Structures are given as C-alpha cells and as structure tokens.
There are 2 protein chains.
Amino acid sequence: MAVSGPTGDDLVEMLAALANPIRLRIVATLAGRRDYVSQLARELGVSRPLLHMHLRRLEAAGLITGRLELSDDGKAMKYYEVTDFDLHLTASAVAEAAQTLTRPDPGKGPAPKEST
Amino acid sequence: MAVSGPTGDDLVEMLAALANPIRLRIVATLAGRRDYVSQLARELGVSRPLLHMHLRRLEAAGLITGRLELSDDGKAMKYYEVTDFDLHLTASAVAEAAQTLTRPDPGKGPAPKEST
DNA sequence: TTCACGTGTCATTTTTTTCTTACACGTGAA
DNA sequence: TTCACGTGTAAGAAAAAAATGACACGTGAA
C-alpha cells in the first residue's frame, strides 16, 4: 500500500514549485500545448529572464521538461511541456513523506527527551 | 469530471503552506494525534513564536484547526488537529485551478493583447 | 511571592524568493 | 551591415518569508 510517493525533500520542492501564481499559469498553459520560451513569455505577460527563472524551478522539480529544437528557419527554440505528474496530498501521505525529510536539522539524531 | 477543487488562489495558499519542511512535519505529527502548542514545539525542536507563525499559516490554508481548551489544572491549552484535506494534483487539475487565479494581474479583466 | 507551565504578540534581523535591467551570442532576411 | 527574433546569463534592487529574542498575561503549586 501507499504508492511510495516522492521523498520529503522532493515533495517540498514540487510544492514550492507549484505554490506560485505565475508558475501555476505556466503549468496550466503547457498542459494545453507545448510552447517555446519567448512565445510563452508573451502569452503570460512576463519578461524572458523572469520566465526563464520560473521554468528552471519547475523543471528542477520535475514538473516540466524542455528541449532545444531547430526551427525551419534555423532558429534555436526551446520547447517546454508538462510531465505526467500526479500528486495525491492527504494528511497521511504527508506524514509518510515527512519521514524522509532531511532539510531541517535541529538535532539530527533521535533525541526523544520527554522528561517533565 | 473534475471535482471542482479549490480556487487558484486557495490552491496556491495550500501549496505554499505545505511547501516547507517544518510545516510538513507539523502536519505529519498532527496526523498521528492532536497536540497543543508547547508540546508540539518541544517535539519538533522549534521555538514557540516560530511554531506559532507556522501554525497560523497552516490554519489559514485550512489544513489544520485549533481550539482552546482548559486542562484539569486550569491551564489554557490550544490543541491543533489536521483537517481532512485531499488534494489531487495533476497538470489538468492545475490548469483548471489556474483559471480562477486573481493574484498576478495588474488589471483585473481579461486583456489578451497580442499585437506586436 | 516565586516558580513552572500554559497562552500570546511585537520588533527586528536574517534569509530566501522574486523581479528588473543590462548584457552576450547565433541565424535569416532586408 | 542592420534589424528582428531566438537563446541564455549575471548583477543588483525589491519584496516576502523565516527565524530570533524580549515582552506580557493567567493559573496552580511550593
């Protein structure tokens, strides 16, 4: 049971990647059709450098993928498309993922101090 | 189809609330049993003010709820517990939610300007 | 009264994220 | 050559989030 989802760290990265209006719209747009950077920037109304940053964050989280292609007239176009991600978030799913968190280390080891 | 999930803004808030190691651990801990602030702070190894801030973020997103109770010896304890949230994230689900985003727009209405 | 334990907030610093501006390179067409 | 359109990055400003420390209040027990 338990489809054994992503590790805690990966989950945090994916959630952080989606927890932004612009990035949510990027995923939404790419869900319809793949697109290249400049065109996507125009459609979303954001600057290229800014879009570039958001795309990197999404790609790093594994939510989209991009590949460079050559257009007929020789231009290098970078096309992005969404991956088939499928995250099911419930309290128990979170509880399971949290067990593999490595980020926050207050006291790494097990220190079950429970004296009154 | 489409269970008509949260609005785009609500989704962003929920995702942002979960996209943090400490908050993920808070939810994970509360998924097992409800707990009060001070005790939770000790278990997670974080300060009360910090935990308080994270709890507010989680409660604002509707992922946990807290209520004040009086203990036998008269102390006011604030107990928190997780809600029955259930988020299913896929590209199409995101696409649907993105349609109700209001955050990132200078002007409210639809301004599909695409002239050069 | 003083202590331990519970609640909370406020002000401030530190850190991270977001965004802008400016720059660089490559190719086809006028 | 110059222009338009594609790619990318780097530096710094601006904004938001995270974290800390010092407070204040209430109650029961020593």
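All figures in this text were calculated on a predicted structure; none of them were measured in a lab. In what follows, every chain begins at residue 1, and chains take the letters A, B, ... in the order their sequences are listed.
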Undergrad: I'd like to know if the side chain of Arg67(B) and the backbone of Glu81(B) have a donor-acceptor N/O pair within less than 3.5 Å.
TA: no

Undergrad: Are side-chain heavy atoms of Thr100(B) and Asp10(B) found at a separation under 4.5 Å?
TA: no

Undergrad: Which heavy atom of Leu51(B) sits nearest a heavy atom of Val37(B), and at what distance?
TA: CD2-O, 3.3 Å

Undergrad: Write out the stems for DNA chain C, ordered by first number and formatted as range with range, counting runs of at least 3 consecutive Watson-Crick or G-U wobble pairs under 3.5 Å.
TA: C:1-30 with D:1-30

Undergrad: At under 4.0 Å between heavy atoms, which parts of nucleotides 14-23 of chain D does protein reach? Answer with one letter per nucleotide, 5' to 3': B base, S sugar-phosphate only, - none.
TA: ---SBBBBB-

Undergrad: Mind checking the OH-OG1 spacing from Tyr80(B) to Thr65(B)? Nearest 0.5 Å is all I need.
TA: 9.0 Å

Undergrad: Do you know which two heavy atoms are closest between Leu11(A) and Ala97(A), and how far apart they sit?
TA: CD2-CB, 3.6 Å

Undergrad: To the nearest Å, how far apart are Arg48(A) CZ and dT20(C) P?
TA: 13 Å

Undergrad: Does any non-hydrogen side-chain atom of Leu15(B) lie less than 4.5 Å from one of Leu89(B)?
TA: yes

Undergrad: Give a yes or no on whether the backbone of Asp86(B) and the side-chain of Thr90(A) come within a donor-acceptor separation of less than 3.5 Å.
TA: no

Undergrad: Which residues within residues 65-81 of chain A lie with some heavy atom under 4.0 Å of an atom in DNA chain D?
TA: Lys75(A), Ala76(A), Met77(A), Lys78(A)

Undergrad: Less than 4.5 Å apart, side chain to side chain, heavy atoms only: is that true for Leu50(A) and Ile22(A)?
TA: yes

Undergrad: In this structure, how many angstroms lie between the P atom of dT20(C) and the NE2 atom of His52(A), rounded?
TA: 16 Å

Undergrad: What closest approach, in Å, do Leu101(B) and Pro21(A) show between heavy atoms, and which atom pair accounts for it?
TA: CD1-O, 3.5 Å

Undergrad: Can you name the nearest heavy-atom pair linking Ser71(B) to Met77(B), along with the distance?
TA: CB-CG, 3.9 Å

Undergrad: Figure out the CG/P separation between Leu40(B) and dG8(C), and round it to whole Å.
TA: 12 Å

Undergrad: Check this one for me: any side-chain N or O of Tyr36(B) less than 4.0 Å away from OP1 or OP2 of dG6(C)?
TA: yes

